[in-house]
Each structure stands twice: as C-alpha cells, then as structure tokens.
Q: 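Below: one structure in structure tokens.
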There are 2 protein chains.
Amino acid sequence: MTKKDTETEEVIKQAAKHLFFVEGRFNATTQEIADAAGVNRTLLNYYFRSRNKLFELVLKDARFHFKKRMRFVFSLDLDFRSKMEQFIDVYLNEAITYPYLETYMVAQLNQQLIKHEIPLEHEVEVREDMDKFFKVIESEMEKGTIEKMAPIQFVWNLLSLLSFPIVMKPIYKRVMDLDDKAYFQLLEERKKIIMSMIFKKQV
Amino acid sequence: MTKKDTETEEVIKQAAKHLFFVEGRFNATTQEIADAAGVNRTLLNYYFRSRNKLFELVLKDARFHFKKRMRFVFSLDLDFRSKMEQFIDVYLNEAITYPYLETYMVAQLNQQLIKHEIPLEHEVEVREDMDKFFKVIESEMEKGTIEKMAPIQFVWNLLSLLSFPIVMKPIYKRVMDLDDKAYFQLLEERKKIIMSMIFKKQV
DNA sequence: ATGATGTTTGACATTTTTGTTAAACATAGC
DNA sequence: GCTATGTTTAACAAAAATGTCAAACATCAT
C-alpha cells in the first residue's frame, strides 16, 4: 500500500461527502463525484466496487460522526446547563460545515424503510444512549431547571431549534437577502436564544 | 376535453406528489411514478412533455400550497395568541400529510442555486409577506407577550419546533419503537408545548 | 355508422449512467 | 535495469431511464 493509495480513496470519499452533505446533491452521479474529486471515474469502481458501496460507506461514516457528536454531550464533566451550552456550540459548528447531513440520513433511512431493507445495526446502542439522556433530563425536570414534559419533547425542542435554520439556510439566505457572514451572525445570536428557550425562565 | 383527460393528468400529479412529499422518494423514475399512478409510462410525456416539466409543476404546486399555509395565519380575525394556536394546528396537520414537502423544496432550491438557475418568481411577494409578519411580531414584543429578539429568530423558533419532529419521523418512530398512533399523540401534546415555548412565561 | 377528436399503448431510438477489462503507468525492492 | 505490486486510464459493454412515434382505441357529435 503506497501513499497514493489511501490518498485517492480519501479524496473521493471527501468529494462525495462534500457533494452530499454540504451541497445537498443526494443523487450525484459517479461522474460528478469523480469530477469533484479530480480523478478518473473508474477509480470509484476500483476503490469502492460500486456506486452503492461508496454511498453506504459515506453514510456509515456520517452515522458514526453524528453519534460521536451526540455522545459529546455526555463526555464532559460539567453541570447540565454548561453541558447544554457546549452541546449547542458543537452541534451548530458541525451543522454549519455539514448542513445536509441530517436530511441525507433521514432521506436514506426512509428509502430503506420503504424498500423494507431495515438496517438494525447499532439501533440498540442508540436507544441505550437516549435512555441515559432521558434519565438526566428527567432528573433536571425534578430539580426544576427545565419544564416538565415527555423527555423526547425536550430532545426535539433542543434539536429542532438547532437544526432547522441550518437545513433551511438556502431558503432564508435568499428570501432575507443575507450573505454568509450575516447568516452566521444570526446563528451566533441563536445560541443564547436556544438556551433561554429550553431552560425554565427565572421568575 | 373529456372527463378522462383531467382525471389521468390529476392521477399522475397526485402519484408524483405522494412519492415526493409523503414517501420522500425525490429521485423517483418516470416508471415508478407511472406505476404508482397505475398508468402507462408514456402518458407522463403526453401530459407533461418531460419528466422535468412534471417535477417543476409539482414543485410549483407545492410552493403555492406552502404559501397558502403561511398566509393562513393572517387571514383570521383573531388576537395574536389564537392566531398562533390556529397556525400551529394547521401547520402540523399539513405536515403530517406531506412530511417531506419542506425538505423537498429546500433540496430543489439548493440544487437550482448551485446550477445558478435562480428562480426569482414570487420572491418579492414572499418577502413582503414576511415583512408584514415581522411587523406583527415586533408589535407583540413591544406589548411584552413574546421575548424580544430579531423577528426572524421568532419565526425560526416557531417553524423549527413544528417541522423537525415531522421530518425526523422515520428516525424517531424507529429508535423509540412507536407506532403511528403513539407518534401522533406526541405531536398532539406538542401543540401546547410549542405555545408555551414561543410565548413569554407568565411570571 | 362515420369521422373527428383526444387518449392510450407498445415498439423503438436515444441518452445517461454504471460497470468491466486490458493495457499503460508509476514506484519500490531487488 | 528488471520485475512485482499496486494505480490509473481509455475503450468498451451493459444497464437503466427518458423520449418519440405510429397504430390502436374510445368517445362523442353529426
């Protein structure tokens, strides 16, 4: 295995990632991916056998990335409030670099579900992680730092407030006639707003 | 023009709509659409000339629908709070029947932007609508019913809290092992939660 | 019943996209 | 320099998807 080996393979994977998750071009052709990577199209077959295998690999990577992101919130030895602050920060930055990651995963999962190709895999693991997080949330609700509700509702609140403006970026940049800097500024402002929304208002 | 004319045309459009917006199959082939509509594939060409034209038409319809949905909030002669209540109700019901509508529109718009095929069209109109809504929001902020922030942030809060659980439905149904009824129940609960989140907490 | 009109169909042509293969190429070890 | 190894390329084959067309079909007015 020479140096070039992993290089080209990686270049292709990165190009695909960019097309899918940054540009949202979910049905990019092999030619488009090859062009974006600056390599011969047949190299996709050489390294990944088929278009599908490449797709699956990139998706698997994305899943792993996302899970890592989700787990980050637990890894820190901080009080709940600071953890949430950290999480929001990490999540927003990730989402800014890969705005279409979540949409892509949902689209993929959905199509697999329709075709009844049900990918179980780390399902159990995810559920365990979520249950753990639910426990934390419930204890915070007891403490009174956050409003009482079904834990999943809290998770949805948190993730939706973060994710929506990222996914909808092209629309809102356009309609509101903003440049990237202005948009980024709005997202910065947003961090505080989200914090104040998910925590109970101090009376 | 016989009865069958508009019938088949409509059947095809509905089938396409269903594939795109309900199942999330954004890159469905003409054959798949024809099968879903229960008609011969060539009829798509007969009625819509090309696959692309059909896509454009359905997207235009979707835009119109979405705009109507957005305008609904203004059409009622109610106080702000009740208007929001109505809006949430209508939006959630719409989103339940067409969960992929927004995602589809974003994906489409994004791809058009990348290819520099910039569809201006009713842009101005949308902006005017939004400005009007911004004015209302600002006046509510003055009154103190909602927290002070950039108006777009309020809009994002409202829409994200509504839209996310719909778009992510396949993932969460799966991970949390819920059936449609249970999921619907969570969405019902959600209406109140969203209301309490976007309005200032009574002290 | 006939013909005019619009609809539906299957056969075919074209285009687009993917996958394969053999030869050319590069490079490291001998 | 030569060979063994893995990499890259272009030419080709195969498959998938779209679009066209003429003939078959249905329906309605005359």
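Just the heavy atoms: all of them, side chains too, but no hydrogens, waters or symmetry mates, feed the values below. All chains are named by letter (A, B, ...) in the order of the sequence lines, taking the proteins before the strands, and each is independently numbered beginning at 1.
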Q: Find the distance A:F48:CZ to C:dG19:P and express it as a whole number of Å.
A: 13 Å
Q: Partners of A:E147 by side-chain contact (heavy atoms from CB on, under 4.5 Å), sequence neighbours excluded?
A: A:M149, A:K200, B:K201
Q: Rounded off to whole Å, could you give me the CG-to-C1' distance for the B:L44 and C:dT7 pair?
A: 14 Å
Q: Within this structure, what is the CD-to-P distance between A:E7 and C:dA26, rounded to whole angstrom?
A: 16 Å
Q: Under the side-chain hydrogen bond (donor to acceptor under 3.5 Å, both in side chains) rule, collect the residues that match up with B:K181, sequence neighbours excluded.
A: none
Q: Can you tell me how far C1' of C:dT15 sits from CG of B:N45, to the nearest Å?
A: 14 Å
Q: Sequence neighbours left out, what passes side-chain hydrogen bond (donor to acceptor under 3.5 Å, both in side chains) with B:K169? Give chain and number order.
A: B:D180
Q: Give, ordered by number, those residues of residues 35-43 of chain A having at least one heavy-atom distance below 4.0 Å to an atom of DNA chain C; if nothing qualifies, reply none.
A: A:R41, A:T42
Q: Whole Å only: how far is the NZ atom of A:K53 from the P atom of C:dG19?
A: 10 Å
Q: At less than 4.0 Å, is any side-chain N or O atom of B:T30 found next to OP1 or OP2 of D:dA17? Yes or no.
A: no
Q: Please work out which of the three classes, parallel, tilted or perpendicular, describes the rings of B:Y183 and A:W156, given edges at 30° and 60°.
A: tilted
Q: Kindly write out the residues that satisfy side-chain contact (heavy atoms from CB on, under 4.5 Å) with B:L59, not counting sequence neighbours, or none if the list is empty.
A: B:Y104, B:M105, B:Q108
Q: Cut-off 3.5 Å, no hydrogens considered: what does the side-chain donor-acceptor table look like for residues 48-56 of chain A, sequence neighbours left out?
A:
from	atom 1	to	atom 2	distance (Å)
A:S50	OG	A:N52	N	3.4
A:S50	OG	A:K53	N	3.2
A:R51	NH2	A:A28	O	2.9

Q: Nearest whole angstrom, please: distance from the P of D:dA16 to the CD of B:E32.
A: 13 Å
Q: What is the distance, rounded to the nearest whole Å, between atom CD1 of B:I33 and atom C1' of D:dG19?
A: 14 Å
Q: Return the value, rounded to whole Å, for the distance between atom CZ of A:R49 and atom C1' of C:dT20.
A: 11 Å
Q: Answer yes or no: does a side-chain N or O of A:Y46 lie under 4.0 Å from OP1 or OP2 of D:dT9?
A: no
